[in-house]
Protein chains: 2
Amino acid sequence: MSMAGPGSIARRGFLDILGGLAVAAQLEGVSGEARAAPVDSTVGVARFGGRSLQFTDLTHKLTRQFNFDPSNPRISMESVDGSGVAVGMKMHRLALIEHTGTHIDAPSHFGEQFKSLGEIPLSDLVVPLVVVDISAKAAKSRDAQVEPADVLAWERRHGRLPDGCCVAVHSGWDPFAEMARNQAAHSHNSTGFGIEAARMLAEKRRVKGIAVDAMTIDSGPNVPSYPVHQFWLRSGRWGIEGITNLRSVPPVGALLVVGAAPIAEATGLPVRAIALF
Amino acid sequence: MSMAGPGSIARRGFLDILGGLAVAAQLEGVSGEARAAPVDSTVGVARFGGRSLQFTDLTHKLTRQFNFDPSNPRISMESVDGSGVAVGMKMHRLALIEHTGTHIDAPSHFGEQFKSLGEIPLSDLVVPLVVVDISAKAAKSRDAQVEPADVLAWERRHGRLPDGCCVAVHSGWDPFAEMARNQAAHSHNSTGFGIEAARMLAEKRRVKGIAVDAMTIDSGPNVPSYPVHQFWLRSGRWGIEGITNLRSVPPVGALLVVGAAPIAEATGLPVRAIALF
């Protein structure tokens, strides 16, 4: 989570963020209708070696407007000449905050002594996916958080959480719509995990990762003390923020592939998150 | 492919590159033994929904030393304070050339009018994987390239290429070892695809992507005119450069998942390339 720079979202609310987006959009000459947009062709079937698997894209398209931190520099792409410039080669030097768009938080996001992105083994990134739907309570409170009771209710319907899984939360959060809502209310609401549920998933179950459709694994009232980030990431586990399309995935039985380039020392990175089932 | 900046590898050879690596390694205080290192835990088994799949990581770990373009700025990570700085949050502004490490070339790498990374649908990135082994001829010539005869020989053993597949080439190329070899020989050899094979895969078969363990889909003698890049990418298809671990994957029957974050306007990006079978 890196919603805000030194000025802190908790003090400023989301107002500045949406304002920053609008100003930046004008500066960059884009239309004002920047929206969170799941990429095209999000669902399909792959056939290989006599098998077939459905796939679903759980990733928001990452545009220059998709930025939750107005105090930090936005995504930039600077054209660079390559050796093929004479025959039409184009490329950029790309710069971005590691925690932008649909992204992973590595354990090192909360301390250099913890695993960086490049140190997370693939066996922790190709894991069973479980979807917990809290959209009913999120419709009543924009700060709704996952509690142990939500996990227990899920288990009564679907059985015990599979070992080594990722628990992803569908709250119905949409990055741009929620920012607009917060702007109108001068608030900084967000859905997320509660600390009791995080402790339960780490200590009573064998969960490798958590994912949220909001932009913080901590719910709004826990920003900027970040108890879930502190506990979960420092336990060596990872989080994904800004996941989407969870309604297209079964509550249990899918495989999550976290397509995160293994960059040494990175504390996080935009990813391609994919469900197969 | 972005091996060289305006100075061009074809004119300077790989000497400068390895020199650049060594100097940079000293400057950054790392040991001299920078090597291409496939990430840990490269192989395992995932169980989900009553199924099980083996997985293999086809990705080189991307370090600050993994850079093939001494004329361009290296990977940089600048610490940035987030809203959780008081409770230990760490994060960076990351900057890199899009074509670094194990990476994808989007069609827009050879022209802005072609699809950028964010426009490639997931259905083109979750595809059957075929491995063609040219290591025997690559051991004789460091410029060995895939020719139509190699594809036909593969098909005699394994059947027709599956529709929509990625054809990946195992030549035995290792980025750092090959640069050292080129340095010693003042050469710029590289394995890759020949233009005749590329045309065959696009026009006579239904291939969506090609991948090489070298750092260019064009073989060394075709740099910097890049006929394969020009033809293949402008046909709307993608390439992966710097793939690895292909010996751990069957010649046919695996699924390739190209974990590329869908960044609008990007011409390429480091990826997590994963085989499932």
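Remember, predicted model here, so these are calculated numbers, not experimental data. Only this structure's heavy atoms are used, side chains among them; waters, hydrogens and symmetry mates stay out.
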Check: A:Y226/A:T216 side-chain N/O donor and acceptor closer than 3.5 Å = no

Under 4.5 Å from a heavy atom of chain B, the part of [X] involved:
X: A:L276; result: both
X: A:A254; result: backbone
X: A:R47; result: backbone
X: A:L125; result: side chain

Distance col, row A:R64:CZ vs A:S76:OG, nearest 0.5 angstrom, shows 7.5 Å

Taken to the nearest 0.5 Å, the spacing of A:M215 CE from A:E241 CD works out to 6.5 Å

Check the angle between the aromatic planes of B:H109 and B:H229 and answer parallel, tilted or perpendicular using the 30° and 60° thresholds.
-> perpendicular

So for [X], is it side chain, backbone, both, or neither that comes closer than 4.5 Å to the heavy atoms of chain A?
X: B:L269; answer: side chain
X: B:L94; answer: both
X: B:E265; answer: both

Pick from [options]: which one has the most heavy-atom pairs with chain B under 4.5 Å?
options: A:V252, A:L53, A:T102; value: A:L53
options: A:A86, A:A266, A:P162; value: A:A266
options: A:S225, A:P128, A:G49, A:G88; value: A:G88

Any donor-acceptor pair under 3.5 Å from [X] side chain to [Y] backbone:
X: B:H92; Y: B:S79; answer: no
X: A:D105; Y: A:W238; answer: no
X: B:R272; Y: A:G259; answer: no
X: A:T59; Y: A:A273; answer: yes

When heavy-atom pairs shorter than 4.5 Å are enumerated against chain A, which of B:T267, B:V45, B:T56 gives the highest number?
-> B:T267

Of all of B:L255, B:L256, B:V127, B:L117, which one pairs up most often with chain A through heavy atoms under 4.5 Å apart?
-> B:L255

